[in-house]
Amino acid sequence: MNPAIYLPQSKRLLEQVSEVLRYKHYSLRTEQAYLYWVRFFVRWNGRNGQMRHPRDMGAAEVTQFLAMLANERRVSVSTHNQALSALLFLYRDVLGVDLPWLAEVQRPARPRRIPSVLTKAEVAALLGAMDGEMALLGKLLYGTGLRLMEGLRLRVKDVDFDRQVLVVRQAKGDKDRVVMLPRTLHDALKAQIARARAIWTHDREVGAAGVEVPDALSVKYPKLGCRWGWFWVFPAPRPSVDPCSRIERRHHLYEERLQRAIKLGSAAAQIIKPVSVHTLRHSFATHLLQAGTDIRTVQELLGHSDVSTTMIYTHVLKVAAGGTASPLDQLLSA
């Protein structure tokens, strides 16, 4: 047992995994994913009726499980890597097992895919086929390059109309960044914030719990979640139970609402390309580069740690521009 690791106090394995994940400030989504893979791993190895603790298993069981995911379930590379990360976390961080075979487990190589990108006309058609909050949220994601959860978790205090910027807090990699606020969204966003204010006022009148605030701020400032500035720009229509604290409070809009609206809008606009919420972010980056924006600026706006990640959009530009002329065209035009 490595003396430097955190020792969970819970007795049950899954509770221990949750405890260590929260101690290390992993996101709720990561916690849910890791718990799924740990549960799947234990049950799959106990499919013959002989349930064993992961401490009693090792390299052979982990390798066989990962091979099953790749060969039988044919999961994607990203899913395969996520399962491996969950098991490595289980052994190293929860069980304190630091054996040589852990370092020898190989990760599958992640292929570089050119993302699906819409033309400006297709973006206009897609956004025109949406309405209400979903249309505003879609325009915000395309106009700023925000990820879905970054847009949904936007708080009132982080919208600066005077400087025309949005401050993105605790984004991917727990990093903050600043992005532009499109002028064309000022009126619609102010109207949305006015609707959010009415919901916030109602919650204060009925004595509802404040919204979730990051890390230990709720301990240091117990009423911080009740302050107007910390309220969501896109609040959910009704309160729900916080899965971590079990407190009933107001959350932001559920992410599947926009995902469904994008699918319906794509069908209504008769766009044959694969379209998801993230397609708006890909289109944002590509259109900025088409307009001559420096790639380092695009990197900062997207929040990429490495410019090589942003470079994928230069390949999209080559495809969009038609690339090199085909020799067939030269032959037939001669």
Side-chain angles (χ1 to χ4, degrees), residues 29 76-78 110-130 134-154 158-160 163-186 188-189 233-234 255 258-259 261-263 265-266 269 271-324:
R29 283 172 166 264
S76 66
V77 171
S78 59
R110 184 187 296 272
R112 300 288 291 181
R113 307 290 189 196
I114 294 179
S116 175
V117 172
L118 303 179
T119 64
K120 293 181 180 179
E122 288 171 332
V123 171
L126 172 63
L127 297 177
M130 301 165 62
M134 295 303 100
L136 174 58
L137 191 50
K139 291 174 183 177
L140 188 67
L141 297 190
Y142 170 68
T144 60
L146 296 181
R147 299 177 178 91
L148 171 59
M149 296 309 297
E150 292 171 351
L152 292 177
R153 290 172 178 161
L154 190 64
D158 295 323
V159 181
D160 190 334
R163 293 195 300 146
Q164 298 182 49
V165 297
L166 300 177
V167 182
V168 186
R169 306 284 186 184
Q170 293 185 302
K172 190 174 182 179
D174 199 27
K175 297 179 295 184
D176 295 351
R177 72 180 191 278
V178 177
V179 300
M180 75 283 276
L181 174 57
R183 292 177 180 271
T184 53
L185 293 184
H186 279 207
L189 202 52
V233 173
F234 295 97
E255 56 264 34
L258 181 60
Q259 291 166 347
I262 290 287
K263 293 297 182 184
S266 176
I271 299 173
I272 61 174
K273 298 174 183 175
V275 179
S276 67
V277 175
H278 215 62
T279 305
L280 295 175
R281 178 173 161 89
H282 294 320
S283 303
F284 164 84
T286 304
H287 296 165
L288 278 182
L289 290 173
Q290 282 179 325
T293 306
D294 180 77
I295 193 167
R296 292 288 183 180
T297 302
V298 177
Q299 176 193 357
E300 292 179 5
L301 289 172
L302 293 176
H304 288 162
S305 299
D306 193 332
V307 72
S308 63
T309 306
T310 318
M311 288 291 291
I312 189 66
Y313 298 110
T314 63
H315 300 300
V316 177
L317 286 176
K318 292 177 183 177
V319 172
T324 305

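Annotation: the span from Thr297 atom OG1 to Leu289 atom CG amounts to 9.5 Å, rounded to 0.5 Å. Note that CZ of Arg153 and CD of Glu255 are 8.0 Å apart. Values are rounded to the nearest 0.5 Å. For the atom pair Leu137 CG and Leu185 CG, the distance stands at 10.5 Å (nearest 0.5 Å). We find the CD1-CG distance between Ile262 and Leu148 to be 9.0 Å, quoted to the nearest 0.5 Å. In this structure, Leu288 CG and Thr286 OG1 are separated by 9.0 Å, a value rounded to the nearest 0.5 Å. Going from atom CD of Gln259 over to atom CE of Met134 covers 11.0 Å, rounded to the nearest 0.5 Å.
Looking only at atom types and distance, the side chain of Ser305 has a donor-acceptor partner in the side chain of Lys175 under 3.5 Å away.
With a 4.5 Å cut-off on side-chain heavy atoms, Leu146 and Leu166 count as touching. In this structure, the side chains of Leu301 and Phe284 come closer than 4.5 Å at one or more pairs of heavy atoms. At a threshold of 4.5 Å between non-hydrogen side-chain atoms, the residues Pro182 and Thr144 count as touching. Side-chain contact between Met149 and Lys172 is absent, with no heavy-atom pair separated by less than 4.5 Å. Side chains of Val233 and Asp158 form no contact here, defined as non-hydrogen atoms less than 4.5 Å apart.
Applying the side-chain hydrogen bond (donor to acceptor under 3.5 Å, both in side chains) test to Asp160 and every residue at least two apart in sequence or in another chain returns Arg163. Ser76 meets the side-chain hydrogen bond (donor to acceptor under 3.5 Å, both in side chains) test with Ser78, Thr79; sequence neighbours excluded.
One N or O on the side chain of Ser116 and one on the backbone of Pro274 form a donor-acceptor pair closer than 3.5 Å.
Nearest heavy-atom pair across Arg177 and Ala171 is NH1-CB, 3.6 Å. For the pair Ala129 and Gly265, the tightest heavy-atom approach, listed with the atom from each and the gap, is CB-O, 3.7 Å. Across all non-hydrogen atoms, the minimal contact from Leu127 to Ala135 is O-CB, 4.4 Å. Here the closest heavy-atom approach between residue Met311 and residue Ile295 is recorded as SD-CD1, 3.2 Å.
Pairs engaging residues 275-288 under the salt bridge (Lys or Arg N to Asp or Glu O under 4.0 Å) rule: none recorded [sequence neighbours left out].
Under the side-chain contact (heavy atoms from CB on, under 4.5 Å) rule, Leu258 has a single partner from Leu152, Leu280, Leu141, which is Leu141. Val123 pairs in a side-chain contact (heavy atoms from CB on, under 4.5 Å) with only one of the listed residues (Leu118, Ile271, Thr279, Val275), which is Leu118. The side chain to side chain donor-acceptor pair (under 3.5 Å) test with Thr310 is passed by exactly one of His304, Glu300, Arg296: His304. Remark: of the listed residues His282, His287, Gln290, His282 is the sole one forming a side chain to side chain donor-acceptor pair (under 3.5 Å) with Tyr313.
Around the CE atom of Met180, the shell of radius 6.0 Å holds more than 12 heavy atoms that belong to other residues, nucleotides or ligands.
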